[in-house]
Amino acid sequence: MLPAACAGCAGRGALLCGSCRGLLTREGPHRIRPRPEPPGLPPVLAAAVYADQTRAVLLAHKERGRLPLAGPLGVALAGAVSAAVSAAPDWARPRPGELLWLVPVPSERAAVARRGHDPVLRIARAAAACLRRSGRGARVVPCLGRDRAVADQVGLGSAERWENLTGALVAGRPPASAAAGRGPVVLVDDLITTGATLAEAARALREAGWVPGGRSPGEVGDALVAAVVAGPPSGGRPGTPVPGRERPAGEPGMVP
């Protein structure tokens, strides 16, 4: 019965106003390079900067149950996925008939129970649907799981986060039926801060055999890339709110 309020700017009239919706895609995907960079981190592209209205939209979806926001967030993530794949070496790009495999970073079970949904999985599915509408085959494969509990990462530095997460994730092995027609594997998340979570997820996928290597001796590396909805502002320390903006009441610490 109450008027809708924009999840980004709190203006009345829409779940997400045109201006805030545009912030998710206006700048175009950009490369994120954490400093220091965790070992094994694949190339990461983000659709938007994690600040102000974009931060509010992600939190509204994740923590406040505004589930329809998965749609526009998925559109933003789909753009980052396409850019990440396009930036990969020629040999690592999908060939005709091959699918993009989107692997979402798993949430803690307790967090999923508290929120009533898995936000990254929802956004990944919305992104895959957007990619399919544009004519690019995509499939979401939630093959990652938690192998052990990890400590709360709030207040931890980059090295401490990496130590906390190392060995925490495990990936199921790809089925034999997945070998044919499988293109690049794209790790997806809603947010990147230090990159420790994505690096650990990449390790688990590589060890489980999800990531194909080069097809010839001259093709260095593998076909793994990563895409996120938002990353830190340019020049800012990952996870630091933009100056002049206080953390909203009830905002959790950033774990990725």
Side-chain angles (χ1 to χ4, degrees), residues 31-46 77 80-95 98-108 118 120-121 124 127-128 137-150 153 158-228 231 238 255-256:
R31 178 77 182 270
I32 300 293
R33 298 177 184 270
R35 292 291 182 267
E37 185 169 318
L41 181 70
V44 184
L45 274 86
L77 181 59
V81 168
S82 294
V85 172
S86 296
D90 289 343
W91 66 265
R93 297 175 190 172
R95 295 176 176 179
E98 289 185 334
L99 294 173
L100 296 180
W101 292 66
L102 309 189
V103 179
V105 170
S107 300
E108 292 280 359
D118 186 329
V120 177
L121 181 59
R139 178 180 174 185
V140 177
V141 188
C143 62
L144 287 168
R146 301 276 178 177
D147 197 36
R148 62 170 177 82
V150 297
Q153 303 229 105
S158 298
E160 294 169 316
R161 289 184 180 218
W162 176 243
E163 183 178 354
N164 183 41
L165 285 166
T166 300
L169 298 180
V170 64
R173 293 198 174 277
S177 59
R182 190 175 83 212
V185 177
V186 185
L187 265 171
V188 296
D189 206 348
D190 58 350
L191 173 67
I192 180 174
T193 53
T194 66
T197 300
L198 286 171
E200 168 59 14
R203 178 204 60 78
L205 288 176
R206 290 181 178 117
E207 288 189 0
W210 276 96
V211 184
R215 294 184 173 99
S216 73
E219 296 167 345
V220 179
D222 55 39
L224 183 63
V225 293
V228 297
V255 174

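Since this is a predicted model, take the numbers as computed values, not measurements. Counting begins at 1 with the first residue of the sequence.
What you find for A124 and V140 is that their closest heavy atoms are O-CG2, 3.5 Å. In terms of heavy atoms, A46 sits closest to A80 at C-CB, 4.3 Å. Residue A202 comes nearest to L187 through the heavy atom pair N-CD1, 3.6 Å, listed as atom of the first residue, atom of the second, then distance. Contact record, V85 with P184: CG1-CG, 4.4 Å, taken as the closest heavy-atom pair. Between A226 and A84, the shortest heavy-atom distance links the atoms O-CB, 3.8 Å. Nearest approach of A171 to L144, heavy atoms of both residues: CB-CD2, 3.7 Å.
For the atom pair OG (S107) and CZ (R146), the distance works out to 7.0 Å, reported to the nearest 0.5 Å. We find the CG-CG distance between L77 and D190 to be 9.0 Å, quoted to the nearest 0.5 Å. Taking CD of E37 as the reference point, atom CD1 of I32 lies at 11.0 Å (rounded to 0.5 Å). Here the CG-CD1 distance, from L45 to I192, works out to 10.0 Å after rounding to the nearest 0.5 Å. The distance from the OG1 atom of T197 to the CG atom of L191 is 9.5 Å, given to the nearest 0.5 Å.
Counted within 6.0 Å of CZ on R33, heavy atoms from surrounding residues, nucleotides or ligands total 12 or fewer; the atom is thus considered open.
Side-chain atoms of R31 do not come within 3.5 Å of backbone N or O of P43 as any donor-acceptor pair. No donor-acceptor pair closer than 3.5 Å links the side chain of R203 to the backbone N or O of P39. W210 places a side-chain N or O within 3.5 Å of a backbone atom of G172 that can act as its donor or acceptor partner. In this structure, R206 contributes its side chain and L224 its backbone to no donor-acceptor pair below 3.5 Å.
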Run the numbers on L100 and R139 for side-chain contact (heavy atoms from CB on, under 4.5 Å), then give the verdict. CA-CA 6 Å; L100 296 180; R139 178 180 174 185; over 6 Å; no
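With V185 as reference, L205 is the one residue of L102, L205, V141 to meet the side chain to side chain contact (heavy atoms under 4.5 Å, CB included) rule.
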